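The basis for the numbers below is simple: all heavy atoms, side chains too, and nothing from hydrogens, waters or symmetry mates. What you see is a predicted model, and the numbers here were worked out from it, not measured in a lab.
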Amino acid sequence: MSFKHRFTTWKTTVTSRMRGKNRDAGAGFVEYAGIMIIVAGIFVMIDSLGLDGLISQAILNAVNDVIGG
């Protein structure tokens, strides 16, 4: 198999995957995993900086302001 034939085969495969009906196959899992990593990182940052008490107090103050308590 010549280099030109391999390149043509590769180009056809890549083009069909980019434009075909299955172009997003498997993307859902990768996107879901990426979002889970970001969310976990945010929770770790909040916990490590000790912001959990500050955030909960701010939410409690905002709720009290709304309900007049």
Side-chain angles (χ1 to χ4, degrees):
M1 186 183 281
S2 69
F3 175 76
K4 185 176 179 181
H5 180 69
R6 284 189 213 171
F7 179 74
T8 305
T9 304
W10 174 81
K11 185 175 85 170
T12 304
T13 303
V14 170
T15 304
S16 68
R17 288 185 182 166
M18 290 175 61
R19 296 184 181 166
K21 66 179 182 174
N22 294 327
R23 66 180 177 267
D24 290 333
F29 173 75
V30 174
E31 292 166 356
Y32 180 73
I35 289 171
M36 296 309 302
I37 290 170
I38 290 170
V39 168
I42 290 170
F43 277 111
V44 168
M45 182 185 69
I46 288 172
D47 189 49
S48 65
L49 293 175
L51 296 176
D52 47 350
L54 185 66
I55 292 171
S56 62
Q57 186 63 40
I59 292 171
L60 180 63
N61 291 341
V63 169
N64 284 333
D65 288 344
V66 170
I67 63 172

*Which ILVMFWY residues are connected to Ile35, directly or by a chain of links, through side-chain heavy atoms under 4.5 Å apart?*
Val39, Phe43
Using residues 46-54 as the side-chain source, report each donor-acceptor pair under 3.5 Å to any protein atom, sequence neighbours left out, with the distance given to one decimal.
residue, atom, partner, partner atom, Å
Ser48, OG, Val44, O, 3.0
Ser48, OG, Met45, O, 3.2

*List in chain and number order the residues that pass side-chain contact (heavy atoms from CB on, under 4.5 Å) with Ile59, two or more places apart in sequence or in another chain; answer none if no residue qualifies.*
Ile55, Val63
